[in-house]
**Student:** 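Below: one structure in C-alpha cells.
Source: prediction; values computed, not measured. When reading the values below, keep in mind they use all heavy atoms of this one structure, side chains included, and skip hydrogens, waters and symmetry mates.
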Amino acid sequence: MGEGNGEGNTYNNFIDELTGIYNRQGFYQYTANLLKQHPDISFCLLYWNVRKFKVVNDLFGRESGDKVLIYLANALKEEFGKETASYGRLEGDNFVCCVPMDIIEQEKWVRLGDVSFDADDSEYHFYSCCGLYKIIDPEISVAKMVDRARVAMDTVKNNYLKPYAWYEESMWGSMVEEQQMNNAFRKAITEKQFKVFYQPLCRATDGVITGAEALVRWEKPGEGMISPGKFIPIFEKNGLVSILDHYVWGEVCRMQKKRIDQGLRVVPVSINVSRVEFYNPHLCEEIYDIVQKYNVPTDLIKIEITESAYAADPTLVQDAVRKLHEYGFIVLMDDFGSGASSLNTLKDLPIDVLKIDMKFIDSFDKNQKSAVILEAVIRMAKWMQLSTVAEGVETKKEWEYLKSMECDVVQGYYFYHPMPEAEFERLLNQSMTKYADIDRDIPELDDVIQDAFSHGNSKESMIFYSMLGGMGIFEMTEDKLEILQVNRGYYEVIYGEETSLREFSKSLNKLVKEPEKTVLMEKCQIAKTTDEMQQAQIHYEREDGKFIWLNVKVRYIGSRGKRSLFYFAIDNIEEIKKAEQERYLLDYSAALVKVFDKVYRMDYEHGMVEVLHSGESSMKIKEKYYFVNFFEKFHNSIEWEGNKNVASIIANRELLDQELVKSKNGSFSVHYKVKNERLDIKEVSAMFFKVELQDGREEYLCCIKKERETKRAVE
Ligand code: C2E
Ligand code: CA
Ligand code: CA
C-alpha cells in the first residue's frame, strides 16, 4: 500500500500487535487522512466479522484463533496493500477497510473474510459477514462511518444466506424493532407463549396417520396467533431461533413421553431444525440430550433439515446427518425442490426421507412439466432408497395424483391443518384414521398387508412396482371391488406405452364394474378359500370407453373384517382374443356350410366380402373381394327375384339392418339366378344375418345355397 499501513510505523500504539496492521486508533487516524488527501475519490467503508469465531478459540485454542486472525490480516494486506486504501483490526475478529468504490464494484471482497482451517485431520470453514457503508459525507467522523458499516453487518450477522449488506438509514430503525423483538422473545419463552402445533402426516395409499410435524406458533397477548413465517426469520437473524427450537423439541418430547407412559398410541413426530443451527458444533448432541432427558426412543423423533441449510454448507449438514444417524434419528430433507439442490447433489447426503416442497404440488396440475419433474423426483428417490413425503396437499385430486406416482406420505390441509396438542392427541386416541374406513377396526395392520403397501425400500417391491407388467392391489368388500394401487405397468398394459400422465391420475381408485365384477369376485372367493392363484379373462372397459380383453390373475393377501386384499396381475390378451373370435366365427361358418354351400363375412368396416367357408373343400386360401367387385361380378348375369335393389341393400349396412329388423327371424333372404358363360342357369338363395360374438361385436354373414342348376342342353 503505497501509503504505508503499519510496517515501520513508529506510532506503536496505532498498530495491532498480533497482526501488524492498524488497530482502531490507527485506522481512524489513517483513514481520516486518506479521505482528506483524496477528495476526488469516492470511498466505501467495509466491516467484517467472522461468524462463530468463538468456536475457533473454544474448540482449537487461542493459538489457533490467533492464526486465523493473522491469516485474515494478511489477506487484507494482499488485497488492498497496493491500493489507495486503509485497513485494520478493531478488536477481536472485527476487521475494517476503507477503499475506493470502484474496487468494491468488482465484488472481489465478498469472500475475503472466509477462512479454511485444518485441525484434527479435518478441514473447518469459517465465513465472515460484511457491512458496507458508502461514504457520502466525508465530513463525519471515521468512527461514525465504522458504526454505520457495523449496523449493516449486524443485519446479516446471523443470516448465513446473506454474506453482506449495504448500510441504509432505515437500519437504525429496524435495529430498534429487533431489540424490542428480542425483549418480547425472552418474555414469551418464560411465559410459554410459544405453542407447538401438530400437523399429521398420512400414508399416501389410504390416509392413515403415520406421524406428525411439530410447527411452532406464537400466541402473543393482544396480538393473537403469529405464524412462524413472521418470527422465525427474525430469530434466525439474531440467533434466538436456537433457544426457540430447543424449547419446541422439549415440548415434543414431553408429549411423546406422556403418551408412552399412559400407554396411548404414539407416532413419530418430526421437528424442524433451523438452518442457522448447523453452525452450532454441538447441535446433534443437544438434540440427543433433550430426547434422552425425556427418555423418548430416538425413532419417535425425526429431524427435518431444510434444503437451504444443505445448500449453504453441505459439509456441515453431512456431518450432522451422520451424527444424527448414529443416535438413531431418521432425517428428512425438508423443502426439497425449493432451492438449487438436485437429487444428484443429495447422493452424498445420507438422508432417509425426501420432503417435496409444496411449490411442486401447487403447480403440478396447472403445469404438465412440473408434474413430470415431480414424478421423476419421486422415482429417483425410490432408486436412492429414499421414501418421499409431499407437503401442501390441498385437494383430493392432488392426493390421487401423488398416490399414483407412488409417493409414500402426504401432508396438507386436505387431510389436516396443524392443530393444538390437545386436539392432536384426541385425534390419535380416537381412531386409527379418518380416511381408512372406520370398520377397518383392527388397530394394527398385519405384516403381510403392511408389506403389500410399503413398497418403499425392499428390492422385491421395487421390482413389483417399477419393472414387471401390469400389477396392483384391489380390495374386495361384500359387493364391490376397488383398485387401490397399481404400478406403472398397469397403465402400459391398458393404454399402451404412450399414455400421458394425465390419464394415469384419472383412473386410480376405480371400482371394477359389471359384468367383469361378478367374474372377478367369484375368482377372488376361490383364491381366498384355496389360497391359490386364480385367473379370469375379462372384457374391461377403459376410461375412454374402449373395451379391451385382459387376463387377470389374482392372489389373496389377507383380510380384515369384511374386507380382503388381493394382488392382481394383468395381461393384455386383445390379440389372442381376436384370434379366438376368428376361430369361433370359422367354426360357426363351418357348421353353416353343412346347410349352405358358401359362407361369406360382410366386412363393412373395410368394405370387403370375405369367404369364410366353402363347401368346395379344396379351397384353402381365403378369398376376399371388395364389395364393388363382388357385386359387379354378378351384376350382368344376375337375375333377382322380386326386389331388384338387393345389391344396393346388402352393400349398405344400414339398409341391411333395416331388412333384418323387418323380417321375423332376423335374416334377409333373397333368391336369384345366375347364368355362366355357357348359359347354364344356377338358381341360388342367399341369406344375410348377424352373429353376435362374445365381446359384443357383431359380424354380418352371407350364406349361399345353390338350389338348382339347369345345364344348358349340349348341342
Ligand atoms: P415447513 O417446515 O415447510 O412447514 C410446512 C408449512 O406448511 C407449515 O407452515 C404448515 O402449516 C404449512 N402447510 C401445511 N399444509 C399445508 C397446505 O396444504 N397448504 C399450505 N399452503 N400450507 C400448508 P407454518 O406452520 O406456517 O410454518 C412455516 C415454516 O416455519 C415451516 O415451514 C418451517 O420452516 C418454519 N417453522 C415452523 N415451526 C418451526 C420450528 O419449531 N422451528 C423452526 N426452526 N422452524 C419452524
Ligand atoms: Ca418442516
Ligand atoms: Ca417444508
Side-chain angles (χ1 to χ4, degrees), residues 160-161 199 201-204 210-215 245 248-249 252 267-281 283-288 291 297-361 373-392 402 405-411 454-459 461-462:
Y160 286 84
L161 309 172
Q199 184 176 33
L201 269 78
C202 304
R203 186 163 60 201
T210 54
E213 176 176 5
L215 294 160
D245 274 354
V248 171
W249 306 337
V252 171
V267 293
V269 173
S270 357
I271 54 172
N272 288 285
V273 177
S274 163
R275 49 196 166 178
V276 176
E277 302 242 33
F278 290 92
Y279 297 93
N280 168 5
L283 170 69
C284 304
E285 289 85 339
E286 286 169 12
I287 297 178
Y288 184 64
V291 174
T298 46
D299 57 0
L300 285 179
I301 301 292
K302 298 185 179 181
I303 318 283
E304 294 197 4
I305 299 179
T306 173
E307 186 200 296
S308 56
Y310 181 60
D313 198 325
T315 27
L316 272 186
V317 174
Q318 265 167 23
D319 293 346
V321 172
R322 247 171 242 126
K323 271 196 226 157
L324 290 168
H325 272 168
E326 280 166 25
Y327 288 127
F329 293 111
I330 291 213
V331 182
L332 294 82
M333 164 106 319
D334 199 0
D335 308 321
F336 180 78
S338 62
S341 311
S342 65
L343 273 177
N344 226 16
T345 66
L346 284 189
K347 68 179 187 302
D348 305 320
L349 185 65
I351 49 155
D352 309 285
V353 182
L354 201 62
K355 236 183 143 174
I356 299 158
D357 194 62
M358 56 185 94
K359 191 181 63 195
F360 273 113
I361 319 300
I373 298 169
L374 182 62
E375 197 190 0
V377 166
I378 293 172
R379 285 191 178 279
M380 276 284 286
K382 286 213 173 316
W383 283 110
M384 293 166 71
Q385 312 250 301
L386 299 175
S387 65
T388 45
V389 181
E391 51 180 20
L402 287 158
M405 288 182 184
E406 292 161 31
C407 176
D408 302 299
V409 174
V410 284
Q411 173 185 9
S454 64
H455 44 87
N457 292 325
S458 84
K459 199 166 157 199
S461 48
M462 283 283 259

**Student:** Checking E285 against K323 for the side chain to side chain contact (heavy atoms under 4.5 Å, CB included) test, could you report, in this order, the C-alpha distance in whole Å, the side-chain angles of both residues, the deciding distance, and whether it holds?
**Tutor:** CA-CA 8 Å; E285 289 85 339; K323 271 196 226 157; 4.1 Å; yes

**Student:** Tell me, please, which residues at least two apart from E326 pass side chain to side chain contact (heavy atoms under 4.5 Å, CB included).
**Tutor:**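 So E326 forms no side chain to side chain contact (heavy atoms under 4.5 Å, CB included) with any residue.
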
**Student:** What verdict does the side chain to side chain contact (heavy atoms under 4.5 Å, CB included) test give for E213 and N272, after you've listed the backbone C-alpha separation in whole Å, the side-chain angles of each residue and the deciding distance to 0.1 Å?
**Tutor:** CA-CA 8 Å; E213 176 176 5; N272 288 285; 2.9 Å; yes

**Student:** Rounded to the nearest 0.5 Å, what separation is found between the CD1 atom of I271 and the CD1 atom of I287?
**Tutor:**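 It comes to 5.0 Å.
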
**Student:** Do any N or O atoms from the side chain of S270 and from the backbone of A212 form a donor-acceptor pair under 3.5 angstrom?
**Tutor:**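 A pair under 3.5 Å: yes.
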
**Student:** Tell me every residue that passes salt bridge (Lys or Arg N to Asp or Glu O under 4.0 Å) with E277, counting only those two or more places apart in sequence or in another chain.
**Tutor:**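 For E277 there are no salt bridge (Lys or Arg N to Asp or Glu O under 4.0 Å) partners, ignoring immediate neighbours.
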
**Student:** Identify the heavy atoms of T388 and E406 that sit nearest to each other, and give their distance.
**Tutor:**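 Minimum heavy-atom contact is OG1-O, 4.3 Å.
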
**Student:** To check you understand the geometry: which heavy-atom pair defines the closest contact between T210 and P268, and what is its length?
**Tutor:**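 What the structure gives for the nearest pair is O-CD, 3.4 Å.
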
**Student:** State which residues pass side-chain hydrogen bond (donor to acceptor under 3.5 Å, both in side chains) with D245; sequence neighbours excluded, sorted by chain then number.
**Tutor:**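 Checked D245 against side-chain hydrogen bond (donor to acceptor under 3.5 Å, both in side chains); zero matches.
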
**Student:** Going from CG on L386 to CG on D408, what distance comes out if it is rounded to the nearest 0.5 angstrom?
**Tutor:**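 Interatomic distance, L386 CG to D408 CG, rounded to 0.5 Å: 10.0 Å.
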
**Student:** Side-chain contact, heavy-atom cut-off 4.5 Å: D334 with E391?
**Tutor:**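 Answer yes - side chains close enough.
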
**Student:** Does the side chain of R275 reach to within under 4.5 Å of the side chain of V317, using non-hydrogen atoms?
**Tutor:**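 Counting from C-beta outward, R275 and V317 never come under 4.5 Å.
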
**Student:** Which residues pass the side chain to side chain contact (heavy atoms under 4.5 Å, CB included) test with A320, sequence neighbours left out?
**Tutor:**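 Partners of A320 under the side chain to side chain contact (heavy atoms under 4.5 Å, CB included) test: F278, C284.
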
**Student:** Can you tell me how far CG of L332 sits from OG1 of T306, rounded to the nearest 0.5 angstrom?
**Tutor:**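 Separation between the atoms: 11.5 Å.
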
**Student:** Is there side-chain contact between Y288 and T298, with heavy atoms separated by less than 4.5 Å?
**Tutor:**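 Yes, close enough: below the 4.5 Å cut-off.
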
**Student:** Please enumerate all residues that pass side chain to side chain contact (heavy atoms under 4.5 Å, CB included) together with V331, with sequence neighbours excluded.
**Tutor:**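 Partners of V331 by the side chain to side chain contact (heavy atoms under 4.5 Å, CB included) criterion, ordered by chain and then number, come out as I305, V321, L324, H325, I351, D352.
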
**Student:** With sequence neighbours left out, write down each residue that passes side-chain hydrogen bond (donor to acceptor under 3.5 Å, both in side chains) with T315, or none if nothing qualifies.
**Tutor:**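 By the side-chain hydrogen bond (donor to acceptor under 3.5 Å, both in side chains) rule, T315 matches D313.
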
**Student:** Could you give me the CA-CA distance, side-chain angles and deciding distance for W249 and V273, then say whether side chain to side chain contact (heavy atoms under 4.5 Å, CB included) is met?
**Tutor:** CA-CA 9 Å; W249 306 337; V273 177; 3.8 Å; yes

**Student:** So, taking the atom named CD1 in I356 and the one named CD1 in I378, what distance separates them when rounded to the nearest 0.5 Å?
**Tutor:**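 If we round to the nearest 0.5 Å, I356:CD1 and I378:CD1 are 4.5 Å apart.
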
